[in-house]
Every structure is written in C-alpha cells, then in structure tokens.
Number of protein chains: 2
Amino acid sequence: MIEPAPDTVDEGFVLEAAAPDLRRAIELLFFAYRDFTGEADRLLERYGFGRAHHRVIYFVGRHPGISVSGLLDILKITKQGLSPVLGQLMRDGFVVGRPDRVDRRRRRLYLTEEAQALERQLTARQSTRLAAAFACAGPEAADGFTRVLEAMVAADDRHRVAPAPPTEGPLSVP
Amino acid sequence: MIEPAPDTVDEGFVLEAAAPDLRRAIELLFFAYRDFTGEADRLLERYGFGRAHHRVIYFVGRHPGISVSGLLDILKITKQGLSPVLGQLMRDGFVVGRPDRVDRRRRRLYLTEEAQALERQLTARQSTRLAAAFACAGPEAADGFTRVLEAMVAADDRHRVAPAPPTEGPLSVP
DNA sequence: CAATTTATGTCAGCAACGTTGACATATATG
DNA sequence: CATATATGTCAACGTTGCTGACATAAATTG
C-alpha cells in the first residue's frame with residue numbers, strides 16, 4: 001500500500017470532478033506546448049543541440065553578459081546540470097565567457113554571431129507559430145492568452161519576464 | 001565549422017527581430033508551463049512517479065479501455081519508451097489491462113480506484129492553479145487563452161482534445 | 001595579513017525518460 | 001497456411017537532470 005505523506009489535508013475539494021473547460025485547457029496546454037517546442041527541437045537537432053541548449057541560447061541572448069549563477073537562477077537547475085550543456089555550447093563556439101572587469105570571479109556570458117543567428121531562427125520559428133495562432137484566434141484572444149500566462153507564472157519568476165509592450169491597436173481605446 | 005542542412009532556404013524572415021509581444025509570449029509560456037507541471041510533479045513524487053506516469057494516468061483515465069497503441073499514438077513515444085512506465089503502473093496497481101473481447105491481441109487499459117483518486121487529485125491541483133489564473137485575468141482572457149491554445153495544437157492532435165463545452169455566461173449574447 | 005565567503009568548475013554516481021534495432025509471441029485475417 | 005498486427009522484451013545508448021564531494025581563484029571581512 002503506497003502511502004502519500006499525510007501533510008496537506010486541505011484537499012477536500014479533491015474528489016470533485018474538474019470543470020470541463022479547465023480539463024480541456026489542461027489537455028490543450030499539453031498538446032500545444034509539445035507541438036510548440038517540437039518546432040524548435042527539429043532545428044536544434046541539426047546542430048546536435050537539445051532543448052537545454054535552446055534555453056541557454058535563449059536566455060544568454062536575452063540577457064547578454066549574464067553570469068553563470070544568474071543563468072542557473074532563471075533555469076532553476078544546478079550547475080552540474082548546466083555544465084555539460086554550457087560546455088558544449090562554448091566548445092562549439094556558440095557561447096563565450098569573459099570575466100567581469102570588477103569582479104573577476106564572475107564570468108559574463110555572450111552569444112557569438114553564429115549563436116545569435118541561430119537564436120533568431122529559433123525565435124522566428126516559434127514566433128511564426130504563435131503569430132499564426134494569434135491571427136487565427138483574434139487579437140482579443142491573443143491578449144487574453146498573454147494575460148492568463150502572466151497570472152500563471154509564479155511570483156518568483158514574474159520579474160524575469162519582459163515587461164508588457166505598450167498597448168497599441170484596437171484595445172487601446174482612449 | 002558546424003553546418004546546418006541547407007535544405008529550407010525559405011527562411012529569409014529569419015533575420016527580423018521577433019515582435020516584442022511574441023517574444024514575451026514565448027517567455028511566458030516557458031515559465032508558466034514549468035510552474036504548471038511542477039505543481040503535479042511534487043504530488044507524483046510521493047508515489048515514486050514522474051511526469052511520464054502522470055501522462056499515462058491522465059490519458060488512460062480520459063479514455064478508459066484505450067489500447068496500448070492508442071496510448072502511444074497520443075503520447076507520441078515508442079512502446080519501448082512506454083514500457084517501463086506502464087509496467088511500473090501495472091505492478092503498483094494503478095493500471096490494469098484486460099484483453100479486448102473480440103480482438104484478444106489488444107489490451108484495454110483501465111485505471112484502478114486508487115489511480116482514479118490520484119488522477120482527480122492531480123487534475124484538481126492543476127485546475128485550481130488554472131482557475132486562479134482565469135479568475136485573475138478575467139473570463140474573456142480565459143476564453144482567449146483557450147482559443148489560442150486550440151489554434152496552436154497541430155491538426156493531427158485536434159481531434160484528441162475534448163470538444164469545447166457549450167458556451168455559457170457573459171460571452172453568449174444571443 | 002589571515003580567515004572566510006563567493007563564483008565557478010569538475011569528478012563520480014545515479015535516475016527518469018526517451019531513442020533505435022532486433023527479436024519473440026499470440027492472435028487475426030487473407 | 002501465410003502474412004499482418006498488437007504487444008512485449010532485451011540491449012545499448014543519449015539527453016537532461018540530480019546529489020555529494022572537492023578544488024581553485026578572487027573578493028570580502030575581521
């Protein structure tokens with residue numbers, strides 16, 4: 001008999017069936033996220049990279065000069081987990097690390113030209129897919145999509161996301 | 001020098017910087033999905049299960065009597081990849097397989113009572129988080145969220161998602 | 001200056017989740 | 001009977017993580 005830790009007893013709602021629209025959203029999220037990442041995965045394969053490499057390329061490109069520990073904070077993985085991925089990217093000439101001028105313990109990470117080009121391709125692919133979905137669902141839906149995602153990310157990660165661009169278009173009715 | 005396969009040359013748009021709102025949505029999707037799945041992961045740990053077990057429990061619960069190959073079609077993994085996960089679930093008494101009456105090669109899979117209870121807990125957790133985000137972002141945003149996800153899933157997977165529940169509430173203005 | 005803390009790197013061992021390829025078995029179908 | 005299908009299993013391997021232990025260089029602090 002498997003015995004889950006009897007700590008949180010505040011789950012009396014557990015036996016309720018989930019609302020159909022919530023259950024549907026859960027399923028959609030699974031399929032949509034898989035298709036979304038699969039898009040980029042196929043491009044990364046050509047370089048011998050995986051999804052972990054993509055994340056490093058993305059966030060180093062997003063925060064040029066980020067330190068290793070800064071990257072670890074964003075990715076929420078250990079340095080031992082990052083090590084082979086970052087090592088391969090540096091050996092392959094996609095990421096370079098230069099010591100910080102004032103604190104020479106820190107290594108500031110940058111993308112090479114080649115990596116920047118790859119990042120643009122990856123982001124362009126995902127943007128294209130997302131833009132198609134936005135176009136299909138309409139601008140109000142796109143706005144709602146983003147707002148729900150914002151509400152979903154944990155407070156610890158909120159500040160890491162780019163600030164919302166100034167609203168423009170049909171929604172800014174002054 | 002790494003050399004990507006020079007097949008698709010139709011990517012001239014690649015050098016364009018992605019629109020800020022699209023880039024923002026990409027980031028949000030990464031953080032939101034990670035937080036969303038992490039929620040369930042912590043519960044699964046108590047049982048010695050991982051995310052792969054979750055997916056099997058979810059889809060067997062969603063399609064009682066599904067065959068092994070039907071499950072593989074949904075998950076898009078190989079039977080060798082499924083084998084240890086499904087094997088553990090069956091040994092632990094969470095999934096049972098009974099031969100189909102007419103075609104006895106096929107094994108129809110079902111959740112046990114215990115697994116159904118676990119599935120309800122997992123789905124309830126995720127529903128709660130999603131419902132909170134929906135409440136925070138508002139019903140129109142929730143609707144837009146779902147519509148964008150629908151547009152994102154590949155056509156091959158569309159039919160696997162539960163049909164949209166009949167619209168009710170403020171959006172059905174007759 | 002000496003001691004400690006911080007940032008980073010590295011080695012070993014392990015686990016989850018997936019892959020390809022090869023082969024086996026039972027059943028269905030022509 | 002011959003072939004195709006559904007499933008299972010074994011072996012080898014790869015990616016992406018984990019924990020624990022230890023090393024080094026540089027900064028900070030007493």
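Computed from a predicted model, the values in this text were never measured in an experiment. Letters A, B, ... mirror the listed sequences (proteins, then strands); counts begin at 1.
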- Task: Respond yes when some side-chain nitrogen or oxygen of H53(B) is under 4.0 Å from OP1 or OP2 of dC17(C), and no when none is.
- Result: yes
- Message: Can you work out whether G81(A) or R104(A) has the more 5'-proximal nearest nucleotide on DNA chain D?
- Response: G81(A)
- Item | Distance below 4.0 Å between R55(A) side-chain N/O and dG17(D) OP1 or OP2 | yes
- Task: Provide the closest heavy-atom pair for G48(B) versus Q88(B) in the form atom of the first, atom of the second, distance.
- Result: O-NE2, 3.2 Å
Nucleotides 1-5 of chain D: which of its N/O atoms have a protein N/O under 3.5 Å away?
| residue | atom | partner | partner atom | Å |
| --- | --- | --- | --- | --- |
| dT5(D) | O4' | R105(B) | NH1 | 3.4 |
| dT5(D) | O2 | R105(B) | NH1 | 2.7 |

- Task: Report the nucleotide, chosen from dC17(C), dT8(C), dT16(D), that has the shortest atom-to-atom distance to any side-chain atom of A52(A).
- Result: dT16(D)
- Among the candidates dT7(D), dG17(D), dT8(C), find the nucleotide nearest to the side-chain atoms of R107(A). dT8(C)
- When rounded to whole Å, the CD to P distance for the pair E45(B) and dA16(C) reads 11 Å
- Query: Start at the 5' end of DNA chain D and walk down; is the nucleotide closest to R51(A) or to S67(B) reached first?
  - Reply: S67(B)
- Task: May I have the distance from R98(A) (atom CZ) to dT8(C) (atom P), rounded to whole angstrom?
- Result: 15 Å
- Query: Once you round it to whole Å, what is the distance between C1' of dT10(C) and CZ of R91(A)?
  - Reply: 13 Å
- Query: Using a cut-off of 4.0 Å on non-hydrogen atoms, how would the nucleic acid contact of V102(A) be classed: base, sugar-phosphate, or nothing?
  - Reply: sugar-phosphate
- Message: Distance check needed: dT16(D) P versus L71(A) CG, whole Å only.
- Response: 14 Å
- Is there a donor-acceptor pair under 3.5 Å between the side chain of R158(B) and the backbone N or O of V153(B)? yes
- Query: With ring centroids as reference points, do F59(B) and F30(A) lie under 6.0 angstrom apart?
  - Reply: yes
- Query: Is any side-chain N or O of T78(B) closer than 4.0 Å to OP1 or OP2 of dG18(C)?
  - Reply: no
- If only side-chain N and O atoms of R34(A) are considered, is one of them under 4.0 Å from the OP1 or OP2 phosphate oxygen of dG18(C)? no
- Message: When you measure from the centre of the six-membered ring of Y110(A), is the NZ or CZ of R98(A) closer than 6.0 Å and no more than 45° off the axis?
- Response: yes
- Message: Given dT8(C), dG8(D), dA6(D), identify the nucleotide with an atom nearest to the side chain of V68(A).
- Response: dT8(C)
- Task: Specify the separation, in whole Å, of atom CZ of R106(A) and atom C1' of dT5(C).
- Result: 14 Å
- Query: Which nucleotide in the list dC11(C), dT8(C), dT7(D) gets nearest to the side chain of Q80(A)?
  - Reply: dC11(C)
- Query: Rounded to whole angstroms, how far apart are CG on L82(B) and C1' on dA16(C)?
  - Reply: 14 Å
- If a pair satisfies salt bridge (Lys or Arg N to Asp or Glu O under 4.0 Å) and one of its residues is in residues 22-36 of chain A, list it, with sequence neighbours excluded. R23(A)-E119(B), R24(A)-E150(B), E27(A)-R62(B), R34(A)-D157(B)
- Query: Looking at the side chain of I77(B), which of dA28(C), dG18(C), dA21(D) is the nearest nucleotide?
  - Reply: dG18(C)
- Message: So, does S69(B) get its side chain near the phosphate of dT7(D), meaning an N or O under 4.0 Å from OP1 or OP2?
- Response: yes
- Query: CZ of R160(B) to CG of D73(B): how many Å apart, nearest 0.5 Å?
  - Reply: 5.5 Å
- Message: Main chain of E39(B), side chain of R125(B): is a donor-acceptor contact present, judged purely on distance under 3.5 Å?
- Response: yes
- Message: I need the I77(A) CD1 to L71(A) CG distance, nearest 0.5 Å.
- Response: 7.0 Å
- Item | Distance, rounded to the nearest Å, where K79(A) contributes NZ and dG20(D) contributes C1' | 11 Å
- Item | Protein-nucleotide distance (D103(A), atom CG; dT6(C), atom C1'), rounded to Å | 8 Å
